[in-house]
Amino acid sequence: MIDLKKLAADPDAYRRSLAKRGAESVDVDGVLKAQQDVTQLTQEYEQLRVQSKELTRRAARDEALRAQARDLRDQQTELETRLRQAREELNAKASWLPNYLDDRVPAGDESDNTVIRAAVLPDTDRTYRPHDEIAQGLGILDTERAAKLSGSRFYVLKGDGVRLRMAMFQLYLDMVEGQGFELVSPPVLAKRFSFYASGYLPFAQSDNFGIADSELSLTGTSEQALLAMHADEVLPELPVKYLGDSMCFRTEAGSHGRDVRGMMRVHQFYKLEQFLYCAPDEVEALHLQMLDNEVAFIDALNVPSQTIICSSGDVAAPGFFKYDVEAWFPANQTFRELTSNTNLTDYQTRRAGIRTRIDGKMVHPYTISATGFCDRHIAALLENNQNDDGSVTVPEALRPYLGGREVLRPVG
RNA sequence: GGAGGCUUCGCCUAGUCCGGUCUAUGGCGCCGCACUGCUAAUGCGGUUUGGGUUAAUCGCCCAUCCGGGGUUCAAAUCCCCGAGCCUCCGCCA
C-alpha cells in the first residue's frame, strides 16, 4: 500500500512513476475520489455521533426523549453502512496501486536492465555441458522420477546434491556471522492475508498453489511469512534481520516452455532468504550490504556473476528498487538470474500494519527482501566448476562443509 | 475429536455476575520537570492507537476493551458467530 496522503498531495508524481511501469491504466482518479468520499462521510458520521451521544446522555433520565434517540440511531446506522461501503471501495481500489519507483530505475523491459558490476569471465574455448547433464552424471538429480511422482518442473535431489545444499547453508551462515541475522524457519502454508500484506495479492493471483477446501496457499518465498508474522505489531527496535529458511512453491504460470530442463525454473525449491525491517535512513546501506552478501557468496562458489539494476518492467508491484545478481552459465553462454534484492520501502509494512517508533513518532518501517542462496546456486556451481570428465571441483570455501572433499565424481 | 478456562490502550492488571460521568483502575516501563553536592532515592506531571479539525502546535471532536453481528435511548459489561491462546481427555507421527 502506498501512502494515500502522499498520493493526494502530489498525484502527478505518482502518475509519472506509474507511466514508467507502463501501468497508466491504474485508476488513480478513482482512488482519489473514493478517498474524498470516505473523508466526507466520516465527517458527516461524526457530527451525527455528537448529537446522538448528547441525546443518549439526556435520555438516560428522560424517557420522553427515547423515541427521538431511536430515530437518530437509525440515521446513524444507515450512514454507517454507507461509510463502510465507501471504505471497502477505497480499499479495493487502493490495493491495486503498485509502489512508487526509485528514480534510479531505468524505464523499460529486461533489455533495459543496467549492469553496474561486470562479470569477469574465464578466458577459455573449452566446451561446457549444461548443469542438468552434469548433475545427472553425478547422480544427484533425478527429473524423470520426479515427473512420475509430481509431474514436470520438479526434481528429486539426491546424495551430494542434498549435501551441497546443506554445505551452502552452513557456509552462508558463517559468511554473514556477526551481521545480526536471526535464523527463522516459518510455515510454508499461509493465509490469504499474508499474500496480500506482502504485496503478492491481488497482483499475482495465479502464482501460488492453493490448498483445496482451505484458505491456505503455499508460499512462494519465506518473505511472505517473515512479513505477515509481524502483522499489526509495533517493532521495538530496528533493524530486525532474518534469514528465512524454507521450501518455495511457484506455479510458474505464464512461463510455459521456458527453462523446462534441470533446476532453473521449478515448482518447488529451497531458498535461504535475507529479509529485514529497517529505518528509512538506513535502507540504502542495508540494501547494499545484502547485495555484498549475495556477491561474496557467489564468488565463493567460483561462479562469475554480474550485478544489474532492474528496469521498471522487471520490478514487481510492491518493489521500489531492485538489484539482481546474474550468474554466468557457460553451456549456453548466458547470464541467468540467481538472486534478487528489493527495497520495498514501507509498501509491505503499511499493508501488514507493522509499525515502529522513530523519534517518538509512529512510522512504518522499510523492508528489504533479498535472496541469500537457493537451489539455482547448485546449478551455477555445477556448470561453472565442471571438468571435462564430468566431475565437479568443489569450491574451496565449501570443502570444510563437505568433509574436505575436493571433487564430486560421476557415478557408474 | 471431546470438555473447560482465558483475550482490557508497550507489559501486567481492576472493571464483566447486576448495562448508564468506564470520559477504562492501579503497577511496571518510558518521557518531562523539580529536588538532592554523584547516571541512587523521592515528589509532581505526562504516556493506547487510528482518523478529523489546524499552515503547524496546543486544544477540541469521532472511533477504539481479540474480530464480526445482534439486543438497547445506552454495551468492556447481555446474546449469537468466529479467531487465537491455555489446561485436561482422546487419537497420532
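Sequence lines set the chain letters: A, B, ... in the order given, protein chains first and strands last, and positions in each chain run from 1. Keep in mind the model is a prediction, meaning the values are calculated, not measured.
Side-chain N/O atoms of A/Lys5 include none lying less than 4.0 angstrom from OP1 or OP2 on B/G50. Side-chain N/O atoms of A/Lys53 include one lying less than 4.0 angstrom from OP1 or OP2 on B/A63.
Rounded to a whole angstrom, the distance from the C1' atom of B/U7 to that of B/C92 is 30 Å. Annotation: B/G32 and B/G5 have their P atoms spaced 46 Å apart (nearest Å). Comparing B/C65 with B/A76, their C1' atoms are spaced 5 Å from each other, to the whole Å. B/C86 and B/C30 are spaced 30 Å apart, taking the P atom of each and rounding to whole Å. To the nearest whole angstrom, the two P atoms, one in B/C78 and one in B/G1, are 28 Å apart. Comparing B/A83 with B/G67, their C1' atoms sit 7 Å apart, to the nearest whole Å. B/G20 and B/G15 are spaced 15 Å apart, taking the C1' atom of each and rounding to whole Å. Separating the C1' atom of B/C22 from that of B/A63 is a span of 16 Å, rounded to the nearest Å.
In this pair, A/Tyr323 and A/His287 present their aromatic rings tilted. The plane angle is within the 30 to 60° band. Taking the six-membered ring where the residue is Trp, A/Tyr277 and A/Phe275 present perpendicular rings, their angle passing 60° and hence far from 30°.
The distance from atom CG of A/Leu4 to atom C1' of B/G52 is 16 Å, rounded to the nearest whole Å. Taking atom CD of A/Glu46 as the reference point, atom C1' of B/G50 lies 11 Å away to the nearest angstrom. Rounded to a whole Å, the CD atom of A/Glu44 is 16 Å from the C1' atom of B/G51. If you take CD of A/Gln36 and C1' of B/G52, they are 15 Å apart, rounded to a whole angstrom. Counting to the nearest Å, the P atom of B/G51 and the CG atom of A/Leu90 are 13 Å from each other. Going from atom CD of A/Gln40 over to atom C1' of B/G51 covers 16 Å, rounded to whole Å. At whole-Å resolution of the value, CD in A/Glu233 and P in B/G50 are 16 Å apart. Following rounding to the nearest Å, A/Glu54 (CD) and B/C60 (C1') show an atom-to-atom distance of 16 Å.
Judged as a salt bridge (charged side-chain N to carboxylate O under 4.0 Å, His left out), not a single pair has a partner in residues 238-247 of chain A (not counting sequence neighbours).
Across every strand in view, B/C11 sits in a pair with B/G27 that passes the Watson-Crick or G-U test at under 3.5 angstrom. Pairing for B/G4 goes to B/C86, judged as Watson-Crick or G-U wobble with the two contacts each under 3.5 Å. Remark: B/C60 base-pairs with B/G52. Criterion, Watson-Crick or G-U wobble with two distances under 3.5 Å. Nucleotide B/C44 is matched to B/G32 when pairs are restricted to Watson-Crick or G-U wobble geometry with both distances under 3.5 angstrom. Figure legend. B/A93 is base-paired to no nucleotide; pairs are counted as Watson-Crick or G-U wobble with both atom distances under 3.5 Å. In this structure, B/C18 forms no base pair with any nucleotide, since neither Watson-Crick nor G-U wobble geometry is met with both distances under 3.5 Å.
Aromatic pair A/Tyr347/A/Phe320: centroids not less than 6.0 angstrom apart. Between A/His230 and A/Tyr242, the distance from one ring center to the other falls under 6.0 angstrom.
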*Starting from the C-alpha separation in whole Å, work towards a yes-or-no answer on ring-ring contact (aromatic ring centres under 6.0 Å, His included) for A/Tyr270 and A/Phe373.*
CA-CA 9 Å; A/Tyr270 176 82; A/Phe373 83 93; 5.8 Å; yes

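Nearest to the side chain of A/Met362, among B/G51, B/U49, B/C62, sits B/U49. The side chain of A/Val50 has B/C61 as its nearest neighbour among B/G51, B/C61, B/U49. Closest contact between the side chain of A/Gln43 and the listed nucleotides B/C62, B/G52, B/U49 involves B/G52.
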*asked:* Treating primed atoms plus P, OP1 and OP2 as sugar-phosphate and everything else as base, which nucleotides of nucleotides 65-83 of chain B get B, S or - for protein heavy atoms under 4.0 Å?
replied: ----S--BBS---------

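Across all strands, A/Arg355 comes closer than 4.0 Å only to sugar-phosphate atoms, never to a base (heavy-atom distances).
Taking the salt bridge (Lys or Arg N to Asp or Glu O under 4.0 Å) definition, one finds that A/Lys6 meets it with nothing, sequence neighbours left out.
Of the inter-residue distances, the one linking A/Phe169 atom CZ with A/Leu272 atom CG reads 6.0 Å to the nearest 0.5 angstrom.
Considering all non-hydrogen atoms of both residues, A/Met264 and A/Ala379 come closest at SD-CB, 4.0 Å.
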